[in-house]
Amino acid sequence: MRKILVTGGLGQIGSELISHMANLYGKDNIVATDVSDANVAAIGDIQFEKLDVTDGESFRRLVEKHKVNTIVHLAAILSARGETMPQTTWGINMGGLYNALEVARVTDASVFVPSSIAVFGKNFPLDNTPQDTVLQPTTMYGVTKVAGETLCNYYFDKYGVDTRGVRYPGIISYKTLPGAGTTDYAVHVYYEAVKNGHYDSYIDQGTYMDMVYMPDALRAVTELMEANPEKLVHRNAFNIASMSLEPSMFEKSIQKVMPEFTLGYDVDPVRQAIAESWPNSLDDSCAREEWGWKPEYDLDAMTVDMIENLQKKLK
Ligand code: NAD
Ligand code: SER
């Protein structure tokens, strides 16, 4: 049975992944950690420990104390925030990952680490971006994700640490707000639709990026973690795709549920430049072939679910 420690577990993904894994593996087999306990209410009665991932000694002690055999390493600074503090982003993203891999090496644990569409940047095919192509990111976040994928593959090749990961597109969810990435507009548009009936998008009309709804994003983690290792040609990290979207597509989809909703534009040049350096759409055929990735939500199904849940949450 898996005993799983999650780092950065109170963020957008962790706060939902922890309940998803508690349902699959039992709540006593999950240990949530984060540098801050501000959002601890989000994980209910799952055990929680404070952990700064840059502190390797405390990291190892917690893994040994709870007899952990699987580390899900989520702690990171995302793209837009990362550009305001590149040096700190390198320190947390790379220092934390190095500690996760070293702890896994000495305790014989396996490691799941999400990568990102931010690994792409220049000189790659924007449409149907292949699994194996040029990785020349333009953000510090992307630099840490390329270096991180490489380091995870190194620990597998050199030490046999079972490392696996997906390149997440933008993740859309209603439970915990995203942590200052470039794709956050795709979450904010739903919050503002429900709160005010209007949203000004900082990403311009016609700028496509891949997005995935949280329930599919959660399944990707546990399905890849449980995949037959003999079938994995790739490990770190798989392109996964679900929906290639641009802002006016959200407008039309939301208007099917809330006809009075309006969308405007107030483009932020920094996040717009990052968005334009990322794929319009990903080729996820390797994930489909090697471990059976298959998203379930399309835009309209996600819109109905987001609005229904946000209307309950924000009333
Ligand atoms: P988030 O910003 O919502 O959460 C990150 C968490 O890490 C926060 O709770 C924060 O408190 C914690 N953290 C920050 N510094 C820490 C430290 N030094 N020690 C311990 N914890 C620390 O991010 P998220 O969206 O949940 O992302 C989780 C992972 O998924 C990240 O690796 C991110 O790059 C990746 N990812 C996310 C998306 C997305 O759209 N959300 C897309 C691609 C990849
Ligand atoms: N959603 C993330 C970001 O925008 C992608 O890694 O930073």
Side-chain angles (χ1 to χ4, degrees), residues 2 4-9 11 13-14 17 21 33 51 53-56 59-60 62-63 68-79 82 89-121 124 129-137 139-169 171 217-218 220-240 282 284 286-287 290-291 293:
R2 286 190 186 273
I4 305 171
L5 180 139
V6 184
T7 70
I13 298 174
L17 182 60
M21 293 194 307
T33 72
L51 174 66
V53 292
T54 61
D55 176 355
F59 202 151
R60 186 184 55 76
L62 274 186
V63 165
V68 164
N69 57 24
T70 306
I71 297 169
V72 174
H73 181 60
L74 303 180
I77 305 297
L78 276 75
S79 60
T89 299
W90 174 268
I92 292 174
N93 293 12
M94 292 315 299
L97 176 60
Y98 175 76
N99 287 336
L101 291 168
E102 270 298 290
V103 171
R105 181 180 68 80
V106 300
T107 61
D108 211 15
S110 58
V111 188
F112 184 92
V113 187
S115 186
S116 162
I117 50 173
V119 294
F120 306 105
F124 70 97
T129 305
Q131 174 69 41
D132 299 311
T133 186
V134 173
L135 302 180
Q136 293 177 353
T139 59
M140 178 55 88
Y141 174 66
V143 168
T144 67
K145 289 300 183 187
V146 174
E149 289 187 7
T150 311
L151 195 61
C152 287
N153 283 333
Y154 179 85
Y155 268 72
F156 174 67
D157 293 336
K158 176 96 175 167
Y159 301 116
V161 177
D162 185 351
T163 55
R164 305 181 187 194
V166 294
R167 289 176 182 149
Y168 272 138
I171 296 176
L218 301 179
V221 178
T222 45
E223 288 177 9
L224 177 52
M225 268 169 42
E226 299 305 337
N228 180 352
E230 285 168 16
K231 297 218 168 127
L232 299 182
V233 179
H234 298 84
R235 279 181 166 267
N236 303 284
F238 285 92
N239 284 1
I240 59 166
L282 293 169
D284 62 359
C286 292
E290 293 173 38
W291 51 276
W293 161 247

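Predicted, not measured: the structure shown is a model, and the values here were computed from it.
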Look at the side chain of [X] and the backbone N and O of [Y], then say whether any donor-acceptor pair between them is shorter than 3.5 Å.
X: R164; Y: F112; answer: no
X: T163; Y: C152; answer: yes
X: Y155; Y: R105; answer: no
X: T7; Y: A75; answer: yes

* To do: Please determine which of S79, P137, S115 meets the side-chain contact (heavy atoms from CB on, under 4.5 Å) test together with K145.
  => S115
How long is the span from the [atom1] atom in [X] to the [atom2] atom in [Y], to the nearest 0.5 Å?
X: M140; Y: W90; atom1: CE; atom2: CH2; value: 6.5 Å
X: K158; Y: L151; atom1: NZ; atom2: CG; value: 12.5 Å
X: Y154; Y: Y159; atom1: OH; atom2: OH; value: 4.5 Å
X: I71; Y: L74; atom1: CD1; atom2: CG; value: 11.5 Å
X: L51; Y: F59; atom1: CG; atom2: CZ; value: 6.0 Å

Which pair of heavy atoms, one from [X] and one from [Y], lies closest together, and at what distance?
X: A287; Y: I240; answer: CB-CG2, 4.0 Å
X: G82; Y: T89; answer: CA-OG1, 3.1 Å
X: L232; Y: A227; answer: CD2-CB, 4.2 Å
X: F120; Y: V134; answer: CD2-O, 4.0 Å
X: T54; Y: G91; answer: CG2-O, 3.9 Å
X: T70; Y: M225; answer: CG2-CE, 4.2 Å

* Neighbour count >12 (heavy atoms, 6.0 Å) for atom CZ, F124 -> yes
* Step through the shown structure and confirm whether more than 12 heavy atoms of other residues, nucleotides or ligands are within 6.0 Å of CG on D157. => yes
Under a 4.5 Å cut-off applied to non-hydrogen side-chain atoms, are [X] and [Y] in contact?
X: Y168; Y: S116; value: no
X: T107; Y: V63; value: yes
X: D162; Y: V111; value: no

* Exercise: do Q131 and H234 side chains pair donor with acceptor under 3.5 Å -> no
* Asked: Any chance the side chains of T144 and N93 put a donor and an acceptor closer than 3.5 Å?
  -> yes
* Asked: So does E226 pair up with R2, basic N to acidic O under 4.0 Å?
  -> yes
* In plain terms, say whether R167 and E149 are close enough for a salt bridge, that is, a side-chain N and a carboxylate O under 4.0 Å apart. => yes
* Given the rule in the side-chain contact (heavy atoms from CB on, under 4.5 Å) test, do V6 and T33 qualify, once you have shown the distances and angles that lead to the verdict? -> CA-CA 6 Å; V6 184; T33 72; 5.8 Å; no
* Within 45° of the ring axis of F156 and under 6.0 Å from its six-membered ring centre, is that where the NZ or CZ of R235 lies? -> yes
* Does the pair L17 and V72 meet the rule for a side-chain contact (heavy atoms from CB on, under 4.5 Å), with working shown? -> CA-CA 10 Å; L17 182 60; V72 174; 3.8 Å; yes
* To do: Apply side-chain hydrogen bond (donor to acceptor under 3.5 Å, both in side chains) to N239 and D284, showing your working.
  => CA-CA 5 Å; N239 284 1; D284 62 359; over 6 Å; no
* Check against side-chain contact (heavy atoms from CB on, under 4.5 Å), W291 and K231 -> CA-CA 7 Å; W291 51 276; K231 297 218 168 127; over 6 Å; no
